[in-house]
There are 2 protein chains.
Amino acid sequence: MATIHDVAREAGVSIATVSRSLNGRSRVSEKTRARVLEVAAALEFHPNRAARGLVTGKLGNVGVLVPDLTNPFFTPILAGIEEVAQSRDMGVFVADTREDVDAEGRLITRLSQQVDGVVLVASRMDEEDLLDLRIKDKAVLVNRVVRGMSAVAIDAYQGMSELVDHLGELGHTRIAYLDGPSRSSLGRSKRLGLADRAKELGIDLIVLGHRQPTFAAGRESAEEVRSLDVTAVVAFDDLIAWGLITRLQELGVEIPQELSIAGFDDAIEEGMVRPALTSVSPQGTSLGIRAMDLLLDRLQRPAAPASVEMLGCIVKKRDSTRSILA
Amino acid sequence: MATIHDVAREAGVSIATVSRSLNGRSRVSEKTRARVLEVAAALEFHPNRAARGLVTGKLGNVGVLVPDLTNPFFTPILAGIEEVAQSRDMGVFVADTREDVDAEGRLITRLSQQVDGVVLVASRMDEEDLLDLRIKDKAVLVNRVVRGMSAVAIDAYQGMSELVDHLGELGHTRIAYLDGPSRSSLGRSKRLGLADRAKELGIDLIVLGHRQPTFAAGRESAEEVRSLDVTAVVAFDDLIAWGLITRLQELGVEIPQELSIAGFDDAIEEGMVRPALTSVSPQGTSLGIRAMDLLLDRLQRPAAPASVEMLGCIVKKRDSTRSILA
DNA sequence: CTGTTAGCGCTTTCAA
DNA sequence: TTGAAAGCGCTAACAG
């Protein structure tokens with residue numbers, strides 16, 4: 001690999017001039033700059049980011065922590081983050097915590113040395129532990145809010161409220177909710193949005209306790225749901241809804257004729273499940289983009305107060321929910 | 001962040017002694033080492049990897065390039081890689097090329113500065129372009145073989161051969177194959193394995209041209225498959241098979257009564273598709289583990305000749321393939 | 001066994 | 001406009 005010295009020698013200038021030509025901060029005569037750039041290109045010179053980072057304190061890359069890479073909820077968020085990163089010529093470090101809180105702490109610590117900032121998606125850590133990491137001015141949370149830290153949140157309250165509206169319009173008066181992980185901070189918003197609006201509309205809401213946000217967990221909930229005497233079921237996320245649907249269908253339940261089902265995330269590709277799943281879409285790509293924007297802001301002015309953004313959801317009405325009115 | 005100097009001062013020794021205590025290469029008295037370690041822990045000192053990398057030439061992390069993070073085929077491979085990396089206290093940089101060949105080249109170049117080596121999973125680049133990158137002694141290919149480069153390959157030939165055996169035993173004598181992307185190097189092995197064994201067994205094989213390895217592409221193939229007068233269909237991968245199944249079912253075709261269907265990758269979670277899909281499993285986690293092993297070997301002895309490993313596949317017989325014999 | 005010192009490749013004052 | 005020189009945090013000879 002060519003170093004800055006090689007370029008300097010070849011171009012007949014000092015390394016300082018090469019550095020300036022490349023970074024364009026300070027003035028260099030157009031003529032020298034042109035020659036330096038030419039030589040640099042010819043030598044395929046790429047400044048060593050580690051070395052640059054040593055002196056500037058900036059590495060030019062960010063880290064992203066997700067609880068589960070395979071969960072389709074995170075994919076668009078990652079896409080949004082990478083989109084912004086690429087446009088700024090920054091690298092993205094992705095790490096999968098596998099829903100393991102301990103691993104999360106370790107990974108954050110580890111990642112912190114190699115990146116300028118981190119995006120923590122759906123962090124499962126305790127607020128205290130998170131704060132102890134002292135990363136508040138180089139981190140942005142997605143889908144989680146902690147005092148003093150920047151975050152972009154999903155307005156699940158609004159999303160779930162609108163979902164209840166939808167169900168109400170369809171005539172449902174008794175619906176069940178399959179809750180997700182107890183640590184999920186989004187969980188509370190979802191539950192509240194559901195409960196508050198249900199109350200307003202005079203709809204009975206039966207909340208079934210915590211479970212993992214997995215296809216398998218959805219399947220395992222089928223029996224309980226069946227015994228419940230509700231006409232509609234809302235799941236914590238699409239994976240659970242999906243598992244539930246397939247299992248119910250195996251048990252001979254007709255969806256949506258006998259039971260309406262809705263999920264959250266809008267993470268299932270068109271046609272993957274039948275009937276097409278009604279779902280609340282949190283607009284993942286936008287989440288990722290906004291998170292990166294906030295992070296970049298924050299890295300510019302670490303002293304600035306933390307800002308929290310709330311992004312709305314859209315209810316995607318599809319075939320798994322249907323009217324029970326005559 | 002505490003630096004090595006802080007630790008040295010606090011422990012009353014030189015920075016060299018701190019370095020030695022931490023790295024354990026050279027001898028330090030147990031007493032001093034203990035004190036240094038204690039101070040380091042108290043200060044939450046973590047050596048700056050960039051700085052260390054500058055002098056040692058090793059950064060302590062590897063990069064992984066995958067064509068599509070959302071494709072479940074890559075998930076276990078990634079898991080295998082991360083498993084080995086974690087055990088060696090190395091970091092993993094993941095980059096998604098989105099099936100874009102140009103992006104792949106750029107990302108490799110970019111990543112190369114921040115990592116000691118890279119694992120290129122299912123690289124789509126030209127052999128020439130890949131060689132031009134001059135990364136052969138710091139890269140390992142997965143699912144792709146290029147002269148002079150280390151690689152761990154999937155024995156798709158064997159896997160597909162055994163799948164034909166399975167189909168033959170079930171009495172099928174005329175089967176279709178839905179091919180994948182034309183650039184896929186695995187494609188040829190799959191096609192050959194299928195064709196050779198089919199020929200040996202006197203089975204007719206109808207090969208349908210290239211398509212993307214996506215659920216949608218599978219759905220779009222349904223009509224063509226239906227018009228084909230075959231009793232079994234093998235798809236390039238599970239995603240295609242899955243799309244095909246759902247679309248065929250919508251069209252009223254009974255699977256596997258009217259048509260047996262099999263995929264490749266074994267990437268679909270139990271219960272996600274009905275009937276459960278017969279699939280050839282390439283054992284992704286092992287692929288990832290072996291790839292990392294090879295990479296680590298390579299980084300130790302860059303001069304060693306490139307080695308290519310071939311990992312066998314296992315045919316997972318499930319409910320989507322059935323006997324047509326009486 | 002431990003300290004001093006010379007860089008790794010780069011950016012950034014400070015002079016010229 | 002350009003160059004010399006001082007480090008960024010760390011490791012690795014080389015002395016002692």
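We name chains A, B, ... by the order of the sequence lines, and we start the count at 1 in each one.
- Nearest heavy-atom pair, A:S87 versus A:V84, reported as atom, atom and distance to 0.1 Å: OG-O, 2.7 Å.
- A heavy-atom distance below 4.5 Å is not found between the side chains of A:E10 and A:V7.
- No side-chain heavy atom of A:V119 sits under 4.5 Å from any side-chain heavy atom of A:I77.
- Within the 4.5 Å cutoff, side-chain heavy atoms of B:V64 are placed close to those of B:V121.
- For D:dT2, one of the phosphate oxygens OP1 or OP2 lies less than 4.0 angstrom from a side-chain nitrogen or oxygen of A:S29.
- One interatomic measurement links the two molecules: CZ of A:R9 to P of C:dG9, which rounds to 12 Å at whole-angstrom precision.
- Atom CG of B:L54 is separated from atom P of C:dG7 by 15 Å (rounded to the nearest Å).
- Side-chain atoms of A:T32 and A:S21, non-hydrogen and from C-beta on, never get closer than 4.5 Å to each other.
- Looking at heavy atoms from C-beta onward, A:S307 lies in side-chain contact with A:L294 at the 4.5 angstrom threshold.
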Distances under 3.5 Å only, N/O to N/O: pair up the protein atoms with those of nucleotides 10-13 of chain C.
{"from": "C:dC10", "atom 1": "OP1", "to": "A:N48", "atom 2": "N", "distance (Å)": "3.0"}
{"from": "C:dC10", "atom 1": "OP2", "to": "A:I4", "atom 2": "N", "distance (Å)": "2.3"}
{"from": "C:dT11", "atom 1": "OP1", "to": "A:N23", "atom 2": "ND2", "distance (Å)": "3.2"}
{"from": "C:dT11", "atom 1": "OP1", "to": "A:R52", "atom 2": "NE", "distance (Å)": "2.7"}
{"from": "C:dT11", "atom 1": "OP1", "to": "A:R52", "atom 2": "NH2", "distance (Å)": "2.9"}
{"from": "C:dT11", "atom 1": "OP2", "to": "A:S19", "atom 2": "OG", "distance (Å)": "2.9"}

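- Between B:E127 and B:R147, the shortest heavy-atom distance links the atoms OE2-NE, 3.1 Å.
- Rounded to an integer number of Å, the gap from A:R35 CZ to D:dT1 P is 15 Å.
- Summary for the helix from C:dC1-D:dG16 to C:dA16-D:dT1: the axes at its two ends, each from 5 pairs, differ by 40° when rounded to the nearest 10 degrees.
- As rounded to whole Å, 19 Å separates atom C1' of C:dG9 from atom NZ of A:K58.
- Qualifying ring-ring contact (aromatic ring centres under 6.0 Å, His included) partners for B:F93, counting only residues two or more places apart in sequence or in other chains: A:F93.
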